[in-house]
2 protein chains.
Amino acid sequence: MKINSEVIARTALRLLDDVGLDGLTMRLIAQDLGVRAPTLYWHIKNKQELLDAMATLVYVEAAERLEPPRDGSAWEDWLADWARQLRQAMLSHRDGARVLAGTYVNHETVHRAVELNLRTLRDAGFTLSEAARGFPAVLHYTIGHTIEEQAHTSAAYGDDNPYTPERLAAMVDAERFPLTAQASSDLLGMDGDTGFEYGLRIVVLGLRAAKQERERG
Amino acid sequence: MKINSEVIARTALRLLDDVGLDGLTMRLIAQDLGVRAPTLYWHIKNKQELLDAMATLVYVEAAERLEPPRDGSAWEDWLADWARQLRQAMLSHRDGARVLAGTYVNHETVHRAVELNLRTLRDAGFTLSEAARGFPAVLHYTIGHTIEEQAHTSAAYGDDNPYTPERLAAMVDAERFPLTAQASSDLLGMDGDTGFEYGLRIVVLGLRAAKQERERG
DNA sequence: TAGAGTCCCTAACACCGTTAGATACGGCGG
DNA sequence: CCGCCGTATCTAACGGTGTTAGGGACTCTA
């Protein structure tokens with residue numbers, strides 16, 4: 001297969017699932033491509049640029065399936081689905097959120113997604129300014145949640161992950177922090193999906209409430 | 001000054017502001033302490049443990065000033081202030097959000113903060129379960145926003161930061177993405193505070209809306 | 001056929017986190 | 001006073017990292 005920057009990024013993304021972000025070295029990627037490490041520098045400027053390209057691939061993976069809302073479907077559902085797709089794209093790669101976080105992706109597919117977000121919200125009665133300031137909130141929540149989620153389930157801990165619900169629950173002093181102890185199952189015992197959905201609902205409800213407050217003046 | 005793990009973490013945190021996370025090496029930290037790198041390993045297990053200790057310091061910095069809400073003050077304001085303090089603690093160190101993200105901090109001060117969050121929300125009429133599932137949403141939004149914010153203003157780019165509003169605005173094709181182009185000042189021209197406050201308001205409004213929906217049944 | 005451009009190589013550099021093993025220094029029991 | 005033990009530091013080094021320099025081979029084109 002012909003080597004170019006996108007092929008390198010795809011290979012790196014595949015290897016990422018095996019070795020994790022810390023184990024992803026230029027030499028390993030090169031080996032997988034049947035080539036020596038310095039060769040990669042013919043195609044990419046440096047490792048950071050490679051990481052950016054990987055982030056772009058993940059982002060595009062989430063954005064390319066995005067379609068305008070069908071007639072009659074609620075903007076709340078459409079927006080929540082977009083957040084779910086983004087989260088799934090990150091979850092589908094080990095350390096995916098860490099790769100994505102803080103990488104401003106510049107790709108046509110992403111511009112399309114932004115435009116679609118703005119149009120959908122504006123068509124639903126938001127002002128353009130509300131839409132432009134509001135939908136990043138969904139984005140930031142989604143990224144923040146997924147980073148935390150992936151960090152806690154990280155395979156990097158091997159067999160002694162300190163984030164098991166039991167371990168964490170054992171740490172809080174039930175005398176001094178009674179509510180924390182009482183709520184530990186809600187705080188820690190939730191699987192990622194449930195926790196994400198709860199917060200996502202809050203953000204979407206918040207967007208609706210902000211719009212209504214403006215409409216009422 | 002006597003060296004111990006906390007002194008090392010404090011030193012590392014101070015150096016972080018000068019050199020950034022990627023420039024923070026064990027040898028540099030040791031030099032600043034008037035010591036050689038291997039000496040650090042007498043006091044800490046490895047670099048990851050040091051990073052965890054640094055994250056703990058930042059987190060505690062935000063949490064230790066936290067006080068119960070004064071009588072009569074609204075839970076919305078109290079919760080928003082807590083988020084602002086956390087954000088300020090991250091912003092007060094270069095790459096602070098990256099250091100914090102994904103590090104589950106286990107420290108008494110943080111337990112206290114969690115307990116205080118739960119109590120405040122429950123006293124305001126939330127169920128304990130609502131509080132336990134709801135306040136992480138604020139946390140995740142805050143972390144997500146601040147990571148993105150710090151990445152875009154990162155000094156790592158030197159003089160050619162690609163995230164200036166002008167550069168980004170120039171990238172979008174106004175013909176194909178008219179709303180994006182039109183909203184570019186709202187999307188990009190905002191300073192971090194304004195954008196953060198807008199999203200924070202949305203999350204808080206969302207919590208209130210979720211509570212009201214339950215109360216109405 | 002000469003030259004230019006493309007793509008890959010070997011060799012090496014500077015630096016990284018980390019370990020092994022020796023060395024100094026203090027207090028304490030005999 | 002001596003010898004010992006725990007504490008805290010050192011030097012030397014290992015295997016690894018991202019990255020650069022410079023040299024070949026191959027292909028296309030004039």
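Residue numbers start from 1 in every chain, and the chains themselves are labelled A, B, ... in the order their sequence lines are given, proteins ahead of strands.
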Problem set entry | Shortest non-hydrogen contact between V99(B) and A55(B), atoms and distance | O-CB, 3.7 Å
Just call it for [X]: base, sugar-phosphate, or nothing, with non-hydrogen atoms closer than 4.0 Å on any strand.
{"X": "L28(A)", "value": "nothing"}
{"X": "K2(B)", "value": "sugar-phosphate"}
{"X": "L24(A)", "value": "sugar-phosphate"}

Nearest-nucleotide pick for [X], side chain only, options being [options]:
{"X": "V35(B)", "options": "dT11(D), dG18(D), dT9(D)", "value": "dT9(D)"}
{"X": "Y41(B)", "options": "dT18(C), dT19(D), dA8(D)", "value": "dT18(C)"}
{"X": "P38(B)", "options": "dA20(C), dG18(D), dT19(D)", "value": "dA20(C)"}

Whether [X] contacts [N] is assessed here as follows: a side-chain N or O lying under 4.0 Å from the phosphate OP1 or OP2. Is that the case?
{"X": "W42(B)", "N": "dA8(D)", "value": "yes"}
{"X": "R27(A)", "N": "dG16(D)", "value": "no"}
{"X": "H43(B)", "N": "dT9(D)", "value": "yes"}

Nearest-Å distance, [atom1] ([X]) to [atom2] ([N])?
{"X": "N46(A)", "N": "dT20(D)", "atom1": "CG", "atom2": "P", "value": "8 Å"}
{"X": "Q31(B)", "N": "dT9(D)", "atom1": "CD", "atom2": "C1'", "value": "17 Å"}
{"X": "R36(A)", "N": "dT20(D)", "atom1": "CZ", "atom2": "C1'", "value": "17 Å"}
{"X": "E49(B)", "N": "dG17(C)", "atom1": "CD", "atom2": "P", "value": "15 Å"}
{"X": "L33(A)", "N": "dC9(C)", "atom1": "CG", "atom2": "C1'", "value": "16 Å"}
{"X": "N4(A)", "N": "dT6(C)", "atom1": "CG", "atom2": "P", "value": "15 Å"}
{"X": "M26(B)", "N": "dA13(D)", "atom1": "CE", "atom2": "P", "value": "21 Å"}
{"X": "L40(B)", "N": "dA8(D)", "atom1": "CG", "atom2": "P", "value": "14 Å"}

Problem set entry | Closest-nucleotide 5' rank along DNA chain C - winner of T39(A) and K47(B) | T39(A)
For this session: Compute whether any side-chain donor of one residue and acceptor of the other, for Q85(A) and D81(A), lie under 3.5 angstrom apart.
Result: no
For this session: Measure the OG1-CD distance between T25(B) and Q31(B) for me, rounded to the nearest 0.5 Å.
Result: 8.5 Å
Exercise. How long is the gap from CG on L57(A) to CG on D52(A), to the nearest 0.5 Å?
Worked result: 11.5 Å
Exercise. Starting at the 5' end of DNA chain D, which residue's closest nucleotide do you reach first, G23(A) or G34(B)?
Worked result: G34(B)
Exercise. Can a salt bridge be assigned to the pair R98(A) and D22(A) using a cut-off of 4.0 Å between side-chain N and carboxylate O?
Worked result: yes
